[in-house]
Amino acid sequence: MGTTEWLARKWLLKHVGGDHEAYTRKHFAWSGQVGYYYGQNIKLNDPLGFHVIAGPPFNVVRKHNREFRILMLGGSAVEGFDTGPELNLPSELNRLLQQFNPDLEFHTLNGGVSGHLSFTENVQHWSFRNYDFDLVLVYTGYNDMYYFFMDPDYYARSEEYCHRRFSVLNQVSEHLAEKSLVFAWLRHKRVAARLLYEMVSQRRTTGWEALDASSITLFKENLSEQVRQIIERSQARSIPIIYLMQPYLTDLQRSRLLTHFEMEKKSVYLKDKNAQWEAVVDSVMPAMVETVSGLCQQQGVPFIYFKDVISKYTDMFYDDVHLHGTGMSLAALELAKIVQQKVLKRSIEGWPIYGRTSAL
């Protein structure tokens with residue numbers, strides 16, 4: 001180790017007050033071994049997502065064998081749209097599991113970022129590869145379908161970002177950054193500046209993707225590949241993984257009448273895109289659910305579609321896709337019961353019962 005490297009490590013250790021956990025987290029952040037949030041996910045109260053919502057720092061290494069660590073990935077529905085830091089899916093899930101399992105210590109890392117697609121969920125999952133998780137939850141679907149057909153420019157940029165992060169050049173760069181703190185810092189400055197520029201400076205053009213058989217096939221192939229990579233990466237480390245999907249108002253209206261409140265929320269959210277989006281949902285939604293559920297079945301992974309339970313209740317949506325506080329609590333309860341039974345292998349006796357999700 002050269003003098004420059006030694007001085008850099010000494011400076012960083014002093015900068016974090018001699019805390020080796022903080023040193024490791026900072027080095028991971030610089031080397032690119034954690035997801036990039038910046039200011040996008042303000043509800044994390046930490047630009048790199050190291051804190052559980054309204055909770056303590058998420059350590060790189062578990063503190064004891066009673067700690068149960070969960071990574072939850074997704075878009076704004078996971079991040080917590082209009083629910084605040086105390087009432088969103090990860091925090092509610094963590095609270096329920098802790099309430100009914102006081103002998104364990106739960107830590108649920110909120111890896112949701114508004115606008116994330118399967119491409120960026122894949123990158124997030126890969127970026128947290130050096131953290132020791134007991135369970136991975138992926139709440140996916142809506143953004144892929146919406147942006148592929150309604151905003152293809154944003155979709156293409158997400159795909160490009162994913163390919164760049166998994167490129168050979170970036171793999172080599174990250175390997176060097178793992179070995180050298182100086183290289184990691186330089187790499188972080190470069191990557192951070194580029195990603196921040198992409199987020200705040202670029203303007204995209206909106207348009208429509210043709211709704212035909214070939215475009216639907218391409219959409220399914222892209223989604224399948226990202227889901228497959230996440231599943232195989234988790235299975236290679238023997239980490240249980242569950243895929244989750246939920247309906248939204250445009251989807252629900254195909255099976256039941258929407259209330260006046262729901263129609264108003266839907267129309268305000270989509271504005272002049274209503275007709276176009278309804279056509280996409282009618283044509284693509286069943287194929288998307290079938291694609292992900294089929295891949296999960298093939299890989300032996302649980303797939304949960306919350307349509308059965310959510311459709312039993314009305315006026316639970318903040319807009320077309322985001323559940324408000326009551327709806328989020330209901331989804332969290334259903335998810336917590338599944339984790340309790342299927343992953344922890346424990347009883348749900350005494351838990352509130354609102355309904356049942358589709359069979360796993």
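In this text the structure is predicted, and so the values were computed from the model without any measurement.
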**Student:** Could you note down all residue pairs passing salt bridge (charged side-chain N to carboxylate O under 4.0 Å, His left out) where residues 120-131 supplies at least one of them, sequence neighbours left out?
**Tutor:** R129-E174, R129-E178

**Student:** Passes side-chain contact (heavy atoms from CB on, under 4.5 Å), L109 versus R69? Steps please.
**Tutor:** CA-CA 8 Å; L109 195 151; R69 298 150 65 93; over 6 Å; no

**Student:** Should F183 and W11 be counted in the same cluster of Ile, Leu, Val, Met, Phe, Trp and Tyr side chains packed under 4.5 Å apart?
**Tutor:** no

**Student:** May I ask you to test the S214-L218 pair for a side-chain heavy-atom distance under 4.5 Å?
**Tutor:** no

**Student:** Residues in ring-ring contact (aromatic ring centres under 6.0 Å, His included) with H322, at least two apart?
**Tutor:** F81

**Student:** With sequence neighbours excluded, what pairs up with E262 under the salt bridge (Lys or Arg N to Asp or Glu O under 4.0 Å) test?
**Tutor:** R256

**Student:** State, yes or no, whether a side-chain contact exists between V343 and F68 at a heavy-atom distance under 4.5 Å.
**Tutor:** yes

**Student:** For a quick check under 3.5 Å, do Y161 and R157 share a side-chain donor-acceptor pair by atom type?
**Tutor:** no

**Student:** Got a sec, which residues hit salt bridge (Lys or Arg N to Asp or Glu O under 4.0 Å) with D319, two or more places apart in sequence or on another chain?
**Tutor:** none

**Student:** Between R187 and A177, is there a donor-acceptor pair closer than 3.5 Å when you use the side chain of the first and the backbone of the second?
**Tutor:** no

**Student:** I'd like to check the side-chain contact (heavy atoms from CB on, under 4.5 Å) partners of Q235; sequence neighbours left out, ordered by chain and number.
**Tutor:** I231, Q299, V301

**Student:** Ignoring hydrogens and geometry beyond distance, is a side-chain donor-acceptor pair present between S167 and N170 at under 3.5 Å?
**Tutor:** no

**Student:** Look at the rings of Y131 and F133 and say which category their plane angle falls in: under 30° parallel, 30 to 60° tilted, over 60° perpendicular.
**Tutor:** parallel

**Student:** Determine, using ring centers only, whether F303 and Y243 are less than 6.0 Å apart.
**Tutor:** no

**Student:** Partners of F261 by ring-ring contact (aromatic ring centres under 6.0 Å, His included), sequence neighbours excluded?
**Tutor:** none

**Student:** May I have the step-by-step check of side-chain contact (heavy atoms from CB on, under 4.5 Å) for M72 and L335, ending in yes or no?
**Tutor:** CA-CA 12 Å; M72 192 164 191; L335 178 55; 3.9 Å; yes

**Student:** Could you check whether any side-chain N or O of H324 sits under 3.5 Å from a backbone N or O of D315, counting only pairs where one atom can act as donor and the other as acceptor?
**Tutor:** yes

**Student:** Using only atom types and a distance under 3.5 Å, with no angle test, would you say the side chain of S173 pairs donor to acceptor with the backbone of L169?
**Tutor:** no

**Student:** Treating D132 as the side-chain partner and R62 as the backbone partner, does any N or O pair qualify as donor plus acceptor under 3.5 Å?
**Tutor:** no

**Student:** Is a donor on one side and an acceptor on the other found under 3.5 Å between the side chain of E79 and the backbone of N88?
**Tutor:** no

**Student:** List in chain and number order the residues that pass salt bridge (Lys or Arg N to Asp or Glu O under 4.0 Å) with R9, two or more places apart in sequence or in another chain; answer none if no residue qualifies.
**Tutor:** E5

**Student:** Are any side-chain N or O atoms of D320 and backbone N or O atoms of K266, one a donor and one an acceptor, separated by less than 3.5 Å?
**Tutor:** no

**Student:** Within a strict 4.5 Å, meaning less than it, do heavy atoms of the V227 and T291 side chains meet?
**Tutor:** no

**Student:** Using side-chain contact (heavy atoms from CB on, under 4.5 Å) as the criterion, list what pairs up with N143, not counting sequence neighbours.
**Tutor:** L117, Y147

**Student:** Give the ring-plane orientation class for W185 versus W30, where under 30° counts as parallel, over 60° as perpendicular and anything between as tilted.
**Tutor:** perpendicular

**Student:** Taking the side chain as every heavy atom from C-beta outward, state whether Y146 and Y154 have any pair of such atoms under 4.5 Å apart.
**Tutor:** no

**Student:** According to the salt bridge (charged side-chain N to carboxylate O under 4.0 Å, His left out) rule, which pairs have a member within residues 211-226, sequence neighbours left out?
**Tutor:** E225-R228

**Student:** Share the residues that join L257 in a hydrophobic cluster, the rule being Ile, Leu, Val, Met, Phe, Trp or Tyr side chains under 4.5 Å apart at the heavy-atom level.
**Tutor:** none

**Student:** Compare all side-chain heavy atoms of K265 with those of F317 and state whether any distance is below 4.5 angstrom.
**Tutor:** no

**Student:** Applying ring-ring contact (aromatic ring centres under 6.0 Å, His included), name anything that partners W6, two or more places apart in sequence or on another chain.
**Tutor:** none

**Student:** Distance-only criterion, 3.5 Å: show the donor-acceptor pairs between side-chain atoms of residues 96-103 and protein atoms not counting sequence neighbours.
**Tutor:**
from : atom 1 : to   : atom 2 : distance (Å)
Q98  : OE1    : F106 : N      : 2.9
Q98  : NE2    : L104 : O      : 2.5
Q99  : OE1    : R95  : NH1    : 3.4
N101 : OD1    : Q340 : NE2    : 3.2
N101 : OD1    : R346 : NH1    : 2.8
N101 : ND2    : L97  : O      : 2.8
N101 : ND2    : Q340 : OE1    : 2.7
D103 : OD1    : R346 : NH1    : 3.0
D103 : OD2    : R346 : NH1    : 3.4
D103 : OD2    : R346 : NH2    : 2.9

**Student:** With a 4.5 Å cut-off on side-chain heavy atoms, are F128 and V136 touching?
**Tutor:** no

**Student:** Of F148, F149, Y248, which meets ring-ring contact (aromatic ring centres under 6.0 Å, His included) against Y142?
**Tutor:** Y248

**Student:** Would you tell me whether R233 and N122 have side-chain atoms, one donor and one acceptor, within less than 3.5 Å of each other?
**Tutor:** yes

**Student:** Please find out if less than 6.0 Å separates the ring center of Y155 from that of F119.
**Tutor:** yes

